[in-house]
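Everything on this sheet refers to the single structure shown next.
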Amino acid sequence: MRLSQMLFVTLREDPAEAEIPSHKLLLRAGYIRRIGSGIYAYLPLMWRVLKKVSQIVREEMDATGAQECLLPQLQPADLWRESGRWDTYTQAEGIMFAMTDRQQRELGLGPTHEEVITTIAKDMIRSYRQLPVHLYQIQTKFRDEIRPRFGLMRGREFIMKDGYSFHTNEESLKKTYQDMAQAYSNMLRRSGLQFRAVDADSGAIGGSGSQEFMVLAEAGEDEVLYTEDGQYAANVEKAVSMPADAEPSPFATFEKRETPGTETIDKLCKFLKCSPTQVVKNVLYQAVYDNGITVLVLVSIRGDQEVNQVKLLNELTKLAGNYQAKNVLFLTVPDAEAQRKWAAKSLPLGYMAPDVADDYIAGSKEVNSKFLRLVDRTAVDLTNFVTGSNESGYHVVGANWNKEFLLPATVVGVRTAKKGDRAVHNPEQTLQSARGIEVGHIFQLGTKYSQAMGATYTSEQGEEMPFVMGCYGVGVSRLAQSAVEQSYDKDGIIWPVAIAPYHAIISIPNISDAQQVEVAEKLYAELNQSGIETLLDDRDERAGVKFKDADLIGIPYRIVPGRSLKAGKVEVVERATHKSHEILIDEVNSTLKQWIEAAVS
Ligand code: ATP
Ligand code: MG
C-alpha cells in the first residue's frame, strides 16, 4: 500500500479522550476512531492487526479440532428466558441491549452465545456417538458496559472469539479444557505478549474451575495475586490465602464501653488500644433476588479483613433457594436512600453488633423481615472480642460467641486475599500483586445451561443425559490493544512482528530524487511479492515527518533508500531498538525474511 493513496492521518498531540498509553497511541496513529461511547471504527491499519490476531486464534483453535461457525447476533428473548438469564442480563447487569421488533417480540443483541449454541446442540446432537463436539466463532459482541473506557479495552461493541464444547462426561470436558489452556497460551505467546494464566471466579456455577489469561500491564483493571515460586496465581476475586494470626485479646471480661466517634475500625482500635484482629465488624449488604425479594445481609468478619463482594455474591446465590429465588440480581452496600425503603428506624451504623435486631427492618412482600446473618471464618475463632453494641457511641469488649452473641449458623469464606498474605500451598511464600488485562477466559460450565434448557443426548446406556459443557472466550480486539499497552516507547507503538499491520515500511526521504524512488519502487514490488507486507511512504513530505510517522504507527522495519545508495545499500532500522543496519539492496529481501521468521517463531 502506498501512503499517498491511503486514508492516513496521524496526530501530534495526545487526544483528550484517552487516558492510557495504548488508547492514546491507537488514536494518534490513526488505527481507531471513536464514533460514540464504547463504539469504535477499526480503520485499515487496525483491521489488518485484528485479522492477524484472528488468524492466530483460528490456527490455534483449528489445531485442537474445534470447528469454526458463525452464530446470529440477534437473539430471541425466549432462549434467554429458558436459561433464566433474560432478567439478569437485561436488568441486573443490564449488559444486554434489548429491543422489541414490529411483531412485539423481544430480542437481544448477543453479549455471549451459550443460549444459541445450546439450542443448536439440543436440536442436532442426539447420541453420545456425536460427542464430544467443539464449535467456535469470531464475531462482534455487544455489551452495554456501565463504564466503557480505554478504547478497545472495554467497548460496547467488540470482537470476541467464543467457543463452546459439548461432552458426555467431566473427564472429556477436562481434556478439552486442558487443550484450550494450551491453545490460549500459544495464542498469547505467538502474539508476542507477556501473560499469566490465573485461577478465576466461576461465579455461582461453581463448576470445576475456570482460568483467566491476563496480559500483565499497569493499566489492567484486574488485580492478580501470585507467588514467586510460580505455584499459585489467581484473580483477587477468587484468590485465597492465610490471614495473619489474630493477636490475643486484652479484654478478659464482657462489658459495654463508651467509644465516642469510633465508627471506623481504625478509630475504634486507636481508642481502645487494641488490634483490629480482636474486633468483629458487622458489614451490612442488601441483596435483591430475581423474584424481587430484598434481603438484608449482615456479614460478621474480623476487623482487619475486607469482604470480597464476588465471593459474597456466590454465597448468596447458593442461598437463593431459601428465598424461592434462583439468582441474585443486585448486591450493594445500602446507602441512606436504599435504607429509607426498608429501615423501620435509623440503624446504629458503625456500631452494629452481630445480633442487631430484626425489628430495624420493616418487612413487606418485597423485603424479607429478618437479617440474613453470615459469619466469615476469620471471625469464628475469636474470643473476648470487641464488637458493636447496637447503640451509637458504644462498643462491647470481651465478648464471646454463643455467650453474648449467637454464632450465625452460616459460616462463609468471603474475605479478600491481599498482597503480603501467606500462601495456602506454602506459608513461606507470600502473595505478590500485579495488574492484569483479562484477554481470555476458559470455563468448565458443567450442565448449567443444558439442564436449564433441557438439552440432552441419549447415552450409551440409553438414558437421556444433559450435555456437559465448556466455554472459552478471547477478546480479540482487547488483545490487540493490550499488545500496544505492553509495547511502546516515547515515539509510538512497537508492534510485535506477528501482529503488526505491515512488516516493513519504505520511507523515501526525498521523492524528487529519481534514484531513491527507483530503488524504493523496486524493493516495494519485490518485498510484497515475496510475502513481506510492505508500505511505501511516497508522500510529498519531509523525511523527518515520514520517519516520525513510521515510528508512531510502529512498523517493525523501516527501509530508507538514502545516502548509502551510492554504495548499493539501503538503511534498515529496527523499530523496537532503533538499531540501524546498512544492507545491500539485493540482500534486503532475504535479510528481512530471516528476521521476520525469527521474530514470529
Ligand atoms: P470483564 O471481566 O473484563 O468484564 P468478562 O468476564 O465479562 O470481562 P467474558 O464474558 O469472559 O468477559 O468474555 C471473554 C473475553 O472477552 C474477555 O476475556 C475479554 O478479553 C473480552 N471482553 C469482555 N468484555 C469486553 C469489552 N467490553 N470490551 C472488549 N473486550 C471484552
Ligand atoms: Mg471473565
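Atom CG of D78 and atom CD of E115 lie 12.0 Å apart (nearest 0.5 Å). In this structure, NE2 in H167 is found 11.0 Å from OG in S450, a value given to the nearest 0.5 Å. To the nearest 0.5 Å, the span separating CD on Q451 from OG on S83 amounts to 13.5 Å. Remark: L152 CG to R34 CZ distance equals 12.5 Å, nearest 0.5 Å.
Sequence neighbours left out, the pairs with a member in residues 326-357 that pass ring pair (Phe, Tyr, Trp, His ring centres under 6.0 Å) are Y351-H395. Residue pairs meeting the salt bridge (Lys or Arg N to Asp or Glu O under 4.0 Å) criterion with at least one member in residues 290-302, sequence neighbours excluded, are R302-D304. The ring pair (Phe, Tyr, Trp, His ring centres under 6.0 Å) analysis of residues 464-486, with sequence neighbours excluded, yields the pairs H134-Y472, F166-F467, Y457-F467. Sorted by first then second residue, the salt bridge (Lys or Arg N to Asp or Glu O under 4.0 Å) pairs that include residues 321-339, not counting sequence neighbours, number zero.
Salt-bridge formation is detected for the pair K345/D359: a Lys NZ or Arg NE/NH1/NH2 atom is positioned less than 4.0 Å from an Asp or Glu carboxylate oxygen. In this structure, K311 does not pair ionically with D201, as no charged nitrogen and carboxylate oxygen lie closer than 4.0 Å. A salt bridge does not link E171 to K174: none of the charged nitrogens lies less than 4.0 Å from a carboxylate oxygen. Using a cut-off of 4.0 Å between Lys/Arg side-chain N and Asp/Glu carboxylate O, D62 and R58 are scored as not salt-bridged. Checked for salt-bridge contact, E306 and K281 meet the test: a charged N lies under 4.0 Å from a carboxylate O. Ionic pairing of R143 and E157 is not present here: no N-O contact between side-chain nitrogen and carboxylate oxygen is shorter than 4.0 angstrom.
Between W80 and Y89, the two ring planes are tilted [angle within 30° to 60°]. Using cut-offs of 30° and 60° for the angle between ring planes, the F405 and W401 rings count as perpendicular.
In this structure, Q309 and T332 have side chains that are not in contact, with every pair of non-hydrogen atoms separated by 4.5 Å or more. You'll find the side chain of L50 reaches within 4.5 Å of the side chain of S477, heavy atoms only. Q67 is not listed as a side-chain neighbour of Y136, based on a closest heavy-atom distance of 4.5 Å or more.
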Under the salt bridge (Lys or Arg N to Asp or Glu O under 4.0 Å) rule, what do R81 and E106 come out as? Steps first, then yes or no, please.
CA-CA 11 Å; R81 292 214 166 88; E106 288 177 292; 2.6 Å; yes
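Looking at N327, its side chain never comes within 3.5 Å of a backbone N or O of L329 through a donor-acceptor pair. Here the side chain of Y323 pairs no donor or acceptor atom with the backbone of N368 at under 3.5 angstrom. Put simply, the side chain of Q130 gets close to the backbone of R126: a donor and an acceptor are under 3.5 Å apart.
Residues Y40 and H23 place their aromatic rings such that the two centres sit under 6.0 Å apart.
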Mind listing the side-chain donor-acceptor pairs of residues 213-221 below 3.5 Å, one per line with the distance, residues two or more places apart or on another chain?
residue : atom : partner : partner atom : Å
E221    : OE1  : R154    : NE           : 3.0
E221    : OE1  : R154    : NH2          : 3.1
E221    : OE2  : R149    : NE           : 3.1
E221    : OE2  : R149    : NH2          : 2.9

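For S241, the side-chain hydrogen bond (donor to acceptor under 3.5 Å, both in side chains) test picks out R415, D421, with sequence neighbours left out.
Closest non-hydrogen pair, Q137 versus C69, comes out as CB-O, 3.1 Å. Minimum interatomic distance between L284 and P334 (heavy atoms only, all atoms of both residues): O-CD, 3.6 Å.
The environment of I35 atom CD1 is dense: over 12 non-hydrogen atoms of other residues, nucleotides or ligands sit within 6.0 angstrom. Heavy atoms from other residues, nucleotides or ligands lying under 6.0 Å from CD of Q194 number 12 at most.
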